[in-house]
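First comes the structure, then the notes that go with it.
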Amino acid sequence: MGSPERHLSYGDYTDFSQGHTGLWDMEDAKPSRGLPSMPLQGVYLSRFDMLLSDDTAWLLRKADMATPLTRDVEQIRCKEVGQCPGIDSPGLGLELCPPVMDGQVEIEERCLEQVQSLVVGEVLKDIETACKLLNIPPDPMEWNPGNVQKWVLWTEHMYRLPQVGRDFQELSGRDLCMMSEEDFRQRSSQCGDVLYAHLDIWKTAAWMKERCCPEDSSVNGTEELCSEVDSCCTGQPIHLWQFLRELLLKPHNYGRSIRWLNKEKGIFKIEDSAHVAKLWGIRKNRPAMNYDKLSRSIRQYYKKGIIRKPEVSQRLVYQFVHPV
DNA sequence: CATGAGGAATTCT
DNA sequence: AGAATTCCTCATG
């Protein structure tokens, strides 16, 4: 297994997005199979608990106990790796003993701080992306039962969890947020805890946003705001071609399902047809969506001059007639 | 067997 | 009304 170019997403820190090894496809979720042995992985994960130290320490104070993000990630990771917290995570040691700063450690800490803020930024961006594609508000408290259902299905498919969407029907976001981890487990013994952890990340992110809204324009906040306005606030339903574009815009999230072959010419390839169809189905509340139907919709675009097959026709490869 | 093209009826907003 | 969905037949590799 190589080390392909990959950007950060909170999935990466939980190892979900790597490899599609189907770790979660089986009930007996055999750990370790296909788990990448990249050294970075361990560092990121084990140190994730420090995410909220220093400049982001305020995040911790949301709940005066353990950091939600940390706890979540650690828990998700445990489930994934099949281990218990603390057993092999050097990062946790920092909670137990005061940091001893020699030069080496200090440098490491610096790097870590940078990684931490990077991670927080990426997590927020990923959530924003998901919101746009799902057309749901970022704050789980505002979700209606339909939003909840979308989020559950989406999370299931993004992280290859066992399918438990039905277990969370008829719940509002408020209900969901009130539920304890135990409640989640009761609804789904398989992955209730993981869903709970994911939700907690969203809750924390919403809380963060609420806290530091105005000055959040640091990187590309305005750009994000604009695209949010034109894609979701116009009220009209999203078009399939727009949806595909948005997926293509986020290669670090969806690159394993759909990616550019030639961005300049607008040529793209659907790598995982079933997955793309599923995501589209979730977006449109069409549980029966499949690639058969999705491709029919794409073919409707031929006549309209929105999408075509490229010069040299290849399976699952299409081309936007008007690339950006 | 999955993909691809396109007709036709239906549904959704 | 327009876009997408659903279902279908036939073709291709």
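The figures that follow rest on heavy atoms only: side chains count, while hydrogens, waters and symmetry mates do not. Convention: sequence-line order gives letters A, B, ...; per-chain numbering from 1. All values reported here derive from a predicted model rather than from experimental measurement.
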> Got a sec, which hydrophobics cluster with A:Ile267, joining ILVMFWY side chains under 4.5 Å apart, including via others?
Replying inline: A:Leu261, A:Val317

> How far apart are the C-alpha atoms of A:Trp280 and A:Phe243, what are their side-chain angles, what is the distance that settles it, and do they pass the ring-ring contact (aromatic ring centres under 6.0 Å, His included) test?
Replying inline: CA-CA 8 Å; A:Trp280 176 235; A:Phe243 184 80; 5.1 Å; yes

> Under 6.0 Å between the ring centres of A:Trp207 and A:Trp202?
Replying inline: no

>> Is it the case that the side chains of A:Ser189 and A:Arg185 hold a donor-acceptor pair, with the cut-off being a distance below 3.5 Å and no angle test?
In response: no

> For A:Ile298 and C:dT5, what is the distance between atoms CD1 and C1' respectively, to the nearest whole Å?
Replying inline: 14 Å

> Can you tell me how far C1' of B:dC12 sits from CZ of A:Arg286, to the nearest Å?
Replying inline: 6 Å

> Within the structure shown, what part of the strands sits under 4.0 Å from A:Ser295 by heavy-atom distance: base, sugar-phosphate, or nothing?
Replying inline: nothing

> Within less than 4.0 Å of OP1 or OP2 of C:dA3, is there a side-chain N or O belonging to A:Ser297?
Replying inline: no

>> Of the options C:dA4, C:dC7, B:dG4, whose atoms approach the side-chain atoms of A:Lys309 most closely?
In response: B:dG4

> Mapping A:Ser273 and A:Arg296 onto DNA chain B by nearest heavy atom, which one lands closer to the 5' end?
Replying inline: A:Ser273

> Within 45 degrees of the axis of the six-membered ring of A:Tyr318 and under 6.0 Å from its centre: does A:Lys309 put its NZ or CZ there?
Replying inline: yes

> Which of these nucleotides, B:dG4, C:dT5, B:dT3, is closest to any side-chain atom of A:Trp280?
Replying inline: C:dT5

>> Rounded to whole Å, please give me the gap between CD in A:Gln300 and P in B:dG6.
In response: 10 Å

> Under a cut-off of 3.5 Å for both distances of each Watson-Crick or G-U pair, what dot-bracket string does DNA chain C give, using [ ] for crossing pairs and | for inter-strand pairs?
Replying inline: |||||||||||||

> Any sub-3.5 Å donor-acceptor pair from A:Asp200's side-chain atoms to A:Ala197's backbone N or O?
Replying inline: no

> Please give, in whole Å, the distance from C:dC7 C1' to A:Asn290 CG?
Replying inline: 11 Å

> Does any N or O in the side chain of A:Lys203 come within less than 3.5 Å of the main-chain N or O of A:Cys177, such that one atom is a donor and the other an acceptor?
Replying inline: yes

> A:Leu240 near the nucleic acid: base, sugar-phosphate alone, or nothing, with a heavy-atom cut-off under 4.0 Å?
Replying inline: sugar-phosphate

> Among the nucleotides C:dT6, B:dT3, B:dG4, which one has an atom lying closest to any side-chain atom of A:Arg299?
Replying inline: B:dG4

> Are A:Tyr301 and C:dA4 close enough that a side-chain N or O sits under 4.0 Å from OP1 or OP2?
Replying inline: yes

> Are A:Tyr302 and B:dA5 close enough that a side-chain N or O sits under 4.0 Å from OP1 or OP2?
Replying inline: yes

> Quick one: does A:Tyr254's side chain get under 4.5 Å of A:Arg259's, heavy atoms only?
Replying inline: no

>> Between A:Lys284 and A:Leu316, which residue's closest nucleotide on DNA chain B lies nearer the 5′ terminus?
In response: A:Leu316

> What's the CZ-P distance between A:Arg308 and B:dG6, to the nearest Å?
Replying inline: 15 Å

>> By the 4.0 Å heavy-atom rule, please label A:Lys303 as base, sugar-phosphate, or nothing.
In response: nothing

> In whole Å, what is the span from the CD1 atom of A:Ile307 to the P atom of C:dA3?
Replying inline: 13 Å

>> Nearest heavy atom decides the nucleotide; on that basis, is A:Lys293 or A:Lys304 closer to the 5' end of DNA chain C?
In response: A:Lys304

>> Rounding to an integer number of Å, can you tell me how far A:His239 NE2 sits from B:dT13 P?
In response: 14 Å

> What nucleotide among C:dA4, C:dC7, C:dG13 has an atom nearest to a side-chain atom of A:Arg315?
Replying inline: C:dG13

>> Rounding to an integer number of Å, can you tell me how far A:Trp241 CH2 sits from C:dG2 C1'?
In response: 15 Å

